[in-house]
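What you see is a predicted model; the values in this text were computed from it and never measured.
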Amino acid sequence: MIRFEQPLSRLDQALARFMTQRARLGDGEKARFGEIVSELSNQLSQGHSCIRIDERVKDLVLNSGLASEQGGTPLVVDGDRLYLHRYWRYEKRLAARICALAELSGSPPAELEHILDRYFPPNPAGKDWQREAARGAVSQWFSIISGGPGTGKTTTVVKILALLLELSDQPLQIALAAPTGKAAMRLQESIGQRKASLPCSEAIRERIPEAAGTIHRLLGAMPPSPYFRHDASHPLPHDLIVIDEASMIDLAMMAKLVDALKQNARLILLGDKDQLASVESGAVLADLTLALPERTLELKKSWRFDENIKALAEAVNRQQSVDAWNILRSAAASNLGLLETDLIEEVAGRQVEYLKLIRSGADYHAVNHAFNRFQALCSNRHGPRSVEEINRAIAQQLAGKGLITLSGQWYPGRPVLITQNDPAMHLYNGDIGICMPDADQANKLMVFFVRPDGGVKKYLPSRLPHCETVFVMTIHKSQGSEFDDVLIVLPDHHNPVLTKELLYTGITRARKTVTLAAGQGIFEETLGHKVERHGGLVHKVRRARASGD
């Protein structure tokens, strides 16, 4: 019998029953076939796009009448990998489109180095990684710019946009997007801040867009269907698309995005390949950097990241648990440390400032700024020391101190995280808002959000898509966000979620301080595990490039 890391869901079992009943196999073989389908469904829910199989399983599956090696069947066998047809098709189409993009390149113009000198003045102190990335991106139609916090990914890309606009003999239509509203807002802010200092003409500056939106909005979501307005038959009109926080993009979304590019459009992906992979299937950014190293432009110098946080993040990324623990405990690293006080008291105490601002009638920008200075991050949604448990305890603590009133689901000061996309409402998974009285409507409770353009949008609580209280959030949900001070909470016992990528992502959300609420044992055990996603994207890209397809 197969042993599952996660219990089988009702969906896993229902899919296995449905397909087993239709398999052209004997009773004994059907039982084994059902186990294989259950495993495949179970692994898909954990972020894998396929499972590895041996020759015996391959023969069994192909004999079921429900699988083939060419597609057109519910199951697809590709070498030693077994897929549901949908995920095999996503990988196949993504690999083909990315390879076609990667083959497009142009000769660098004669004046390129002279123009590069203007944007990236020669630096005798060492190699300018941003300049190298810009040089590569100008002559490539597909580029990945990877780098950790503070390495200047946005600074580099805004200069690349100016370079491409200068070098183009016709206007370029450019789109800026990110997987979540919060990440899109940060991208928009960064582009806007950096445009003014560009060493180019005002005409070029004006042609660099500042507005950024979610990928869902870019593609034209059509709720409640899973389809988008833009696809291979109705491509996007843009000549160049820049996607930030690309590590968060799952296989299905990346395939749909690339499918929707018009012929000869450029695509630039920005991200940190060492961060967590997407919650859904695939580890697309990491896979593409592995499959296309010559199209990956890595930024290696950090310009603004705190040196202590950087040293801790690098030790965690290298899985050097002893060094990482010593950095945390070092007296010299005063902005790093272990939590010595009560967890609930600490997190509740950090909510007081923004709650008092709400009571004083402050505007939403001030409230939101105070709220976003600190964020507690958990590894797990459920169980001991989880988001669910700690959020409940903090609400009770704050109510006990008279800072909030828990008379109903909605109360002044309740922070919420949107967990379901609602394009019609312009609210997306990952958006954070705060419930507070609206002075413009006789102090009726409304939920306020900062939009990507910097404006404020407010909604009646009853109109919101599914959301949850967010005094603390999971590290997964924090991707695309930054906070001055971060508290990372790990459980007392190991579980499959705990990996070095999870901890690295949590640490790199912080600008100023990192505090860890965990014992040394679970810390070291977390660093001993890394994310391993089963998929065939790397293989498909390499195979497509080798065959010239």
Given side chain to side chain donor-acceptor pair (under 3.5 Å), test T499 with H529 step by step and report yes or no.
CA-CA 5 Å; T499 63; H529 292 79; over 6 Å; no
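No side-chain donor-acceptor contact under 3.5 Å links N317 to the backbone of E314. Side chain of D484 to backbone of F374: no donor-acceptor contact under 3.5 angstrom is found. Between the side chain of Y83 and the backbone N or O of G536, at least one donor-acceptor pair lies under 3.5 Å.
For the pair E91 and K540, the salt-bridge criterion is met [side-chain N within less than 4.0 Å of a carboxylate O]. Using a cut-off of 4.0 Å between Lys/Arg side-chain N and Asp/Glu carboxylate O, E501 and K273 are scored as not salt-bridged. Under the 4.0 Å criterion applied to side-chain N and carboxylate O atoms, R350 and D485 are assigned as salt-bridge partners. Note on R543 versus D78: salt bridge recorded, some NZ/NE/NH1/NH2 to OD/OE distance being below 4.0 Å. Remark: E189 does not engage R186 in a salt bridge, criterion side-chain N to carboxylate O under 4.0 Å.
Atom CZ of R542 has more than 12 neighbouring heavy atoms from other residues, nucleotides or ligands inside a 6.0 Å radius. Heavy-atom contacts from other residues, nucleotides or ligands closer than 6.0 Å to NZ of K92 number 12 or fewer. Within 6.0 Å of CZ in R385 there are more than 12 heavy atoms belonging to other residues, nucleotides or ligands. By the 6.0 Å contact criterion, NZ on K457 is open, its count of non-hydrogen atoms from other residues, nucleotides or ligands being 12 or less.
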Let me check something: any side-chain donor-acceptor pairs from residues 326-335 under 3.5 Å, sequence neighbours excluded? List them with distances.
from	atom 1	to	atom 2	distance (Å)
N326	ND2	V322	O	3.3
S330	OG	A332	N	3.1
N335	OD1	N308	ND2	2.9
N335	ND2	D306	OD1	3.2
N335	ND2	D306	OD2	2.8
N335	ND2	K512	O	2.8

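Between F449 and Y459, a ring centre-to-centre spacing shorter than 6.0 Å is recorded. The distance between the ring centers of F228 and H216 falls below 6.0 angstrom.
In this structure the side chain of L299 reaches within 4.5 angstrom of the side chain of I145, judged on heavy atoms.
Looking at every heavy atom in both residues, I418 comes nearest to C467 through CD1-CB, 4.0 Å. Pairing each heavy atom of V472 with each of C378, the nearest pair is CG2-SG, 4.3 Å. Closest non-hydrogen pair, L355 versus G413, comes out as CD2-CA, 3.6 Å.
Residue pairs meeting the ring pair (Phe, Tyr, Trp, His ring centres under 6.0 Å) criterion with at least one partner in residues 314-342, sequence neighbours excluded, are W325-F523.
Taking the ring-ring contact (aromatic ring centres under 6.0 Å, His included) definition, one finds that H85 meets it with W88, sequence neighbours left out.
A cation-pi geometry, defined here as NZ or CZ lying under 6.0 Å from the six-membered ring centre and within 45° of its normal, does not hold between K301 and W129.
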